[in-house]
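Below is one structure; the comments refer to it alone.
Just the heavy atoms: all of them, side chains too, but no hydrogens, waters or symmetry mates, feed the values below.
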Amino acid sequence: MSSTKRKLSTVKKEETETRVSQVREWERRVKESAVNANDLVLIMKEAKSGTPEVAFAAIHSLSRVFSQFFDQDRMRKPRGPSATDLEVEREKLDLELKVRSWLRDIYSEYVDLLFTLLGAQEPAMQISALKLLLLLVQKESAFQGRASDGGYNFENILYARVVDAVLRVPNASELLTRTLVDSYLNEYDDLRYHFYHNVVKSVSDAHSMARRKDRNKAGRSAPPDQSVDAQKSNLYQIMRNIRKLPELNYKPSLFWVTVPEGASRKGDVFNGVAHRKAFADAWLTLMRMPLTTEMYKQILLTLHKRILPYMPEPQLLMDFLTDSYNSGGPVSLLALNGLFTLITEHNLNYPEFYAKFYALFDRNLMHVKYRARFFRLAQIFLSSTHLPAYLVAAFIKKMARLALSAPPSAIAIVIPFIYNLLKSHPTCMVLIHRIDDDDSASSLGGSDAATDGAGYADPFDEDEKDPAKCRAIESSLWEIETLQNHFYANISTLSKVFNEPFRRPPYDLEDFMDHTYATLFESDTCRRIKKAPPLAATAPTTLFRPGDALQDIVDFS
């Protein structure tokens with residue numbers, strides 16, 4: 001049986017090799033003479049119905065043939081016969097017109113086939129179709145440039161179809177999008193510029209089509225439009241991987257379509273300002289789409305570094321960022337950086353910024369994976385010495401209260417953070433030097449609060465959203481003394497720094513930001529023990545001692 005299979009496999013392989021050789025022979029014949037142009041039909045047939053190996057060879061043969069035709073200007077429509085031409089010349093021109101019109105039809109059929117293959121299941125076929133289509137964009141552009149005035153020309157009609165097709169492929173492989181980005185968009189300025197423009201049109205057309213479908217299906221439950229979801233997902237994957245960004249004085253230099261010698265460079269594709277505007281329009285288009293939560297978070301994570309600095313008008317993102325900031329939860333945390341950039345660098349007036357920021361301090365904050373990022377931003381936002389004492393006191397008290405129920409890794413950030421705030425805002429030192437009215441004792445949280453809490457009512461309102469009304473400045477940091485009795489020795493030791501004079505320099509918070517249970521466990525297990533702790537009062541001599549309950553159950557005799 002296996003022998004029969006091997007024979008069939010060998011026969012099939014030989015048949016495939018024969019058909020591939022035949023395709024290449026037809027290609028050679030067509031290139032040599034226009035008389036053999038009918039062989040294009042045979043190659044096209046193999047490209048449509050052949051095995052994957054034969055189809056692969058056929059589409060590449062057709063690409064080479066049509067590339068040669070464009071280079072030789074054989075795809076151009078001939079000048080029509082005039083009344084003064086001789087009859088023979090008129091018949092010759094008429095025949096040439098028909099041949100070239102037929103070639104254009106075959107070429108259109110070939111382009112449609114490539115767009116079909118762009119949505120194939122095999123990533124290799126998708127990538128091949130993409131590369132061949134972009135090669136045709138290059139050849140057509142050079143051909144049209146020579147046919148017009150010999151200047152620079154970009155065939156955006158075909159390229160717009162390519163961009164729209166890639167965005168709408170429902171099964172677009174990661175290799176397809178990465179190939180488009182790494183080999184083309186990150187390399188060639190004209191492809192990237194026209195990609196941004198085509199994105200806006202593609203998304204606009206998709207939304208218009210979706211609205212028409214909704215109107216046509218009014219009153220009926222319409223199935224979800226998978227092409228719109230695919231468009232959103234593919235666009236996001238492509239945009240986030242484009243690394244060549246338009247700097248302030250950006251000058252396009254590398255072009256997919258060759259710029260002829262002496263050609264004018266006055267178009268928008270040669271203008272860095274136009275590139276920045278196209279970049280901004282594409283990103284704004286993506287942000288207006290109904291993004292998934294993960295897309296939303298990823299955009300906010302990189303917005304202040306990879307989007308805002310390259311937009312000619314960053315103020316256009318004000319609504320997007322303020323809506324994100326007002327939404328609450330992790331999205332608000334991630335919107336902080338971009339919003340603060342607009343406030344400090346682009347004159348965004350946001351009077352409720354600190355009130356909203358204060359509202360983000362909740363119990364969940366101490367457990368989210370963006371905690372370290374949040375506290376890095378909080379360090380920046382609260383660093384100004386011109387902030388009012390009541391505001392700083394509200395943040396100090398809120399963090400101390402949250403630390404009571406936070407994991408040790410979060411408390412390790414809060415304690416040095418509070419210490420630094422007290423050091424830079426001495427007017428808040430009253431929180432740890434509150435004088436008790438009964439006995440004028442000076443302690444960390446008042447004598448009663450520090451002992452058993454009898455007779456002491458903390459005026460701080462932790463449920464109040466407005467830091468100006470929470471009365472934190474009237475309270476005390478009794479929570480810190482509670483943390484001095486924490487079960488984790490490192491936390492209790494660290495919190496005792498408030499019992500000492502404030503003479504030590506501010507903490508470097510980066511030393512505490514990235515702690516987790518894993519890092520705390522690793523540091524404890526790797527620490528050298530100077531003296532082993534006793535594990536029992538006396539060394540045991542038996543597994544069970546007399547009187548143990550298990551001794552009556554387990555019989556070792």
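- Side-chain atoms of Ser233 never come within 3.5 Å of backbone atoms of Ala230 as a donor-acceptor pair (strictly under, hydrogens ignored).
- The shortest side-chain heavy-atom distance between Ile299 and Leu334 does not fall under the 4.5 Å cut-off.
- Side-chain contact between Trp478 and Phe460 is absent, with no heavy-atom pair separated by less than 4.5 Å.
- Leu316 contributes atom CG, which lies 15.0 Å from atom CH2 of Trp283 (distance to the nearest 0.5 angstrom).
- Among pairs with a residue in residues 309-336, those fulfilling ring-ring contact (aromatic ring centres under 6.0 Å, His included) read Tyr296-Phe320, Tyr325-Tyr350, Tyr325-Phe353, at least two apart in sequence or across chains.
- Here the CD atom belonging to Gln126 is positioned 13.0 Å from the NZ atom belonging to Lys131, to the nearest 0.5 angstrom.
- Distance NZ/Lys232 to OG1/Thr292: 6.5 Å, rounded to 0.5 Å.
- Residues passing the ring pair (Phe, Tyr, Trp, His ring centres under 6.0 Å) test with Tyr196 are Phe279, sequence neighbours excluded.
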(request) Test side-chain contact (heavy atoms from CB on, under 4.5 Å) on Tyr358 and Lys398 and set out the steps. (result) CA-CA 8 Å; Tyr358 179 77; Lys398 188 71 170 183; 3.8 Å; yes

(request) Please test Phe375 against Phe512 for ring-ring contact (aromatic ring centres under 6.0 Å, His included), starting from the C-alpha separation and ending with a verdict. (result) CA-CA 10 Å; Phe375 277 102; Phe512 304 91; over 10 Å; no

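- Pairing each heavy atom of Val162 with each of Leu118, the nearest pair is O-CD2, 4.5 Å.
- In this structure, the ring of Tyr188 has its center no less than 6.0 angstrom from the ring center of Phe255.
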(message) Would Asn241 and Tyr236 count as a side-chain hydrogen bond (donor to acceptor under 3.5 Å, both in side chains) here? Give the steps.
(response) CA-CA 9 Å; Asn241 287 313; Tyr236 167 71; over 6 Å; no

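- A side-chain donor from one of Glu294 and Gln298 sits under 3.5 Å from a side-chain acceptor of the other.
- Here salt bridge (Lys or Arg N to Asp or Glu O under 4.0 Å) pairs that include residues 332-360, with residues two or more places apart or in two chains, number zero.
- Here the shortest heavy-atom pairing between Arg168 and Asp205 reads NH2-C, 4.4 Å.
- Between the side chain of Gln484 and the main chain of Ser492, no donor-acceptor pair closer than 3.5 Å is present.
- For the atom pair CG (Leu377) and CG (Leu360), the distance works out to 10.5 Å, reported to the nearest 0.5 Å.
- Not a single donor-acceptor pair under 3.5 Å links the side chain of His515 to the backbone N or O of Leu520.
- Remark: the backbone N or O of Asn490 is not paired with any side-chain donor or acceptor of Thr493 at under 3.5 angstrom.
- The side-chain hydrogen bond (donor to acceptor under 3.5 Å, both in side chains) test applied to Glu479 returns Lys397, Arg401, not counting sequence neighbours.
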Distance-only check: which donor-acceptor pairs under 3.5 Å involve side-chain atoms of residues 336-344, not counting sequence neighbours?
residue: Asn337; atom: ND2; partner: His304; partner atom: NE2; Å: 3.3
residue: Thr341; atom: OG1; partner: Asn337; partner atom: O; Å: 2.9
residue: Thr344; atom: OG1; partner: Phe340; partner atom: O; Å: 2.8

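- The closest side-chain heavy-atom distance from Lys305 to Thr302 is not below 4.5 Å.
- Taking the side chain as every heavy atom from C-beta outward, Thr519 and Thr516 approach each other to under 4.5 Å.
- Smallest separation of non-hydrogen atoms from Ala394 and Pro467: CB-CB, 3.7 Å.
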Distance-only donor-acceptor pairs under 3.5 Å for side chains of residues 406-432, two or more places apart:
residue: Ser409; atom: OG; partner: Arg371; partner atom: NH2; Å: 3.4
residue: Asn420; atom: OD1; partner: Tyr507; partner atom: N; Å: 2.8
residue: Asn420; atom: ND2; partner: Tyr507; partner atom: O; Å: 3.0
residue: Lys423; atom: NZ; partner: Phe502; partner atom: O; Å: 2.9
residue: Lys423; atom: NZ; partner: Arg504; partner atom: O; Å: 3.2
residue: Ser424; atom: OG; partner: Asn420; partner atom: O; Å: 3.1
residue: Ser424; atom: OG; partner: Leu421; partner atom: O; Å: 3.3
residue: His425; atom: ND1; partner: Leu421; partner atom: O; Å: 3.2
residue: His425; atom: NE2; partner: Ser384; partner atom: O; Å: 3.1

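- Listed by chain and residue number, Asp164, Gln231 satisfy the side-chain hydrogen bond (donor to acceptor under 3.5 Å, both in side chains) test with Ser202 (two or more places apart in sequence, or in another chain).
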(request) Take Phe381 and Tyr354 through the side-chain contact (heavy atoms from CB on, under 4.5 Å) test and state the conclusion after the steps. (result) CA-CA 9 Å; Phe381 303 155; Tyr354 281 100; 4.2 Å; yes

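- Not counting sequence neighbours, the partners of Glu510 by the salt bridge (Lys or Arg N to Asp or Glu O under 4.0 Å) test are Arg376.
- Scanning both residues, Tyr250 and Leu245, for their nearest heavy atoms gives CD1-O, 4.3 Å.
- Judged by distance alone, the side chain of His486 and the main-chain N or O of Tyr488 form a donor-acceptor pair under 3.5 Å.
- Nearest heavy-atom pair, Pro459 versus Glu474, reported as atom, atom and distance to 0.1 Å: CG-O, 3.5 Å.
- Considering only heavy atoms from C-beta on, Leu254 stays 4.5 Å or farther from Asp190 through its side chain.
- Around CD of Glu187, the count of heavy atoms belonging to other residues, nucleotides or ligands within 6.0 Å exceeds 12.
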(request) Show the numbers, then the answer: is there a side-chain contact (heavy atoms from CB on, under 4.5 Å) between Tyr193 and Asp268? (result) CA-CA 9 Å; Tyr193 170 77; Asp268 287 343; 3.1 Å; yes

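- Listed for the Arg276 side chain is a donor-acceptor partner under 3.5 Å among the backbone atoms of Pro246.
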(message) With side-chain contact (heavy atoms from CB on, under 4.5 Å) as the criterion, how do Leu284 and Val200 come out once you've worked through the C-alpha distance, each side chain's angles and the decisive distance to 0.1 Å?
(response) CA-CA 9 Å; Leu284 289 172; Val200 177; over 6 Å; no

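- Of the possible polar contacts, none joining the Asp461 side chain to the Cys470 backbone as a donor-acceptor pair under 3.5 Å is found.
- Between Tyr159 and Leu191 the shortest heavy-atom distance is OH-O, 2.7 Å.
- Counting only residues at least two apart or on different chains, the salt bridge (Lys or Arg N to Asp or Glu O under 4.0 Å) pairs with a member in residues 235-253 are Asp189-Lys244.
- A donor-acceptor contact shorter than 3.5 Å links the side chain of Glu464 to the backbone of Asp466.
- In this structure Arg178 satisfies the salt bridge (Lys or Arg N to Asp or Glu O under 4.0 Å) test together with Asp182, sequence neighbours excluded.
- The closest donor-acceptor contact from the side chain of Asp362 to the backbone of Leu365 lies under 3.5 Å.
- Under the 3.5 Å distance criterion, the side-chain polar atoms of Ser383 are matched with a main-chain donor or acceptor of Ile380.
- With sequence neighbours left out, Asp281 forms a salt bridge (Lys or Arg N to Asp or Glu O under 4.0 Å) with Lys277.
- In this structure, Leu130 and Leu180 have side chains that are in contact, with non-hydrogen atoms separated by less than 4.5 Å.
- For Lys297, there are no salt bridge (Lys or Arg N to Asp or Glu O under 4.0 Å) partners, not counting sequence neighbours.
- With a 4.5 Å cut-off on side-chain heavy atoms, Val203 and Leu235 count as touching.
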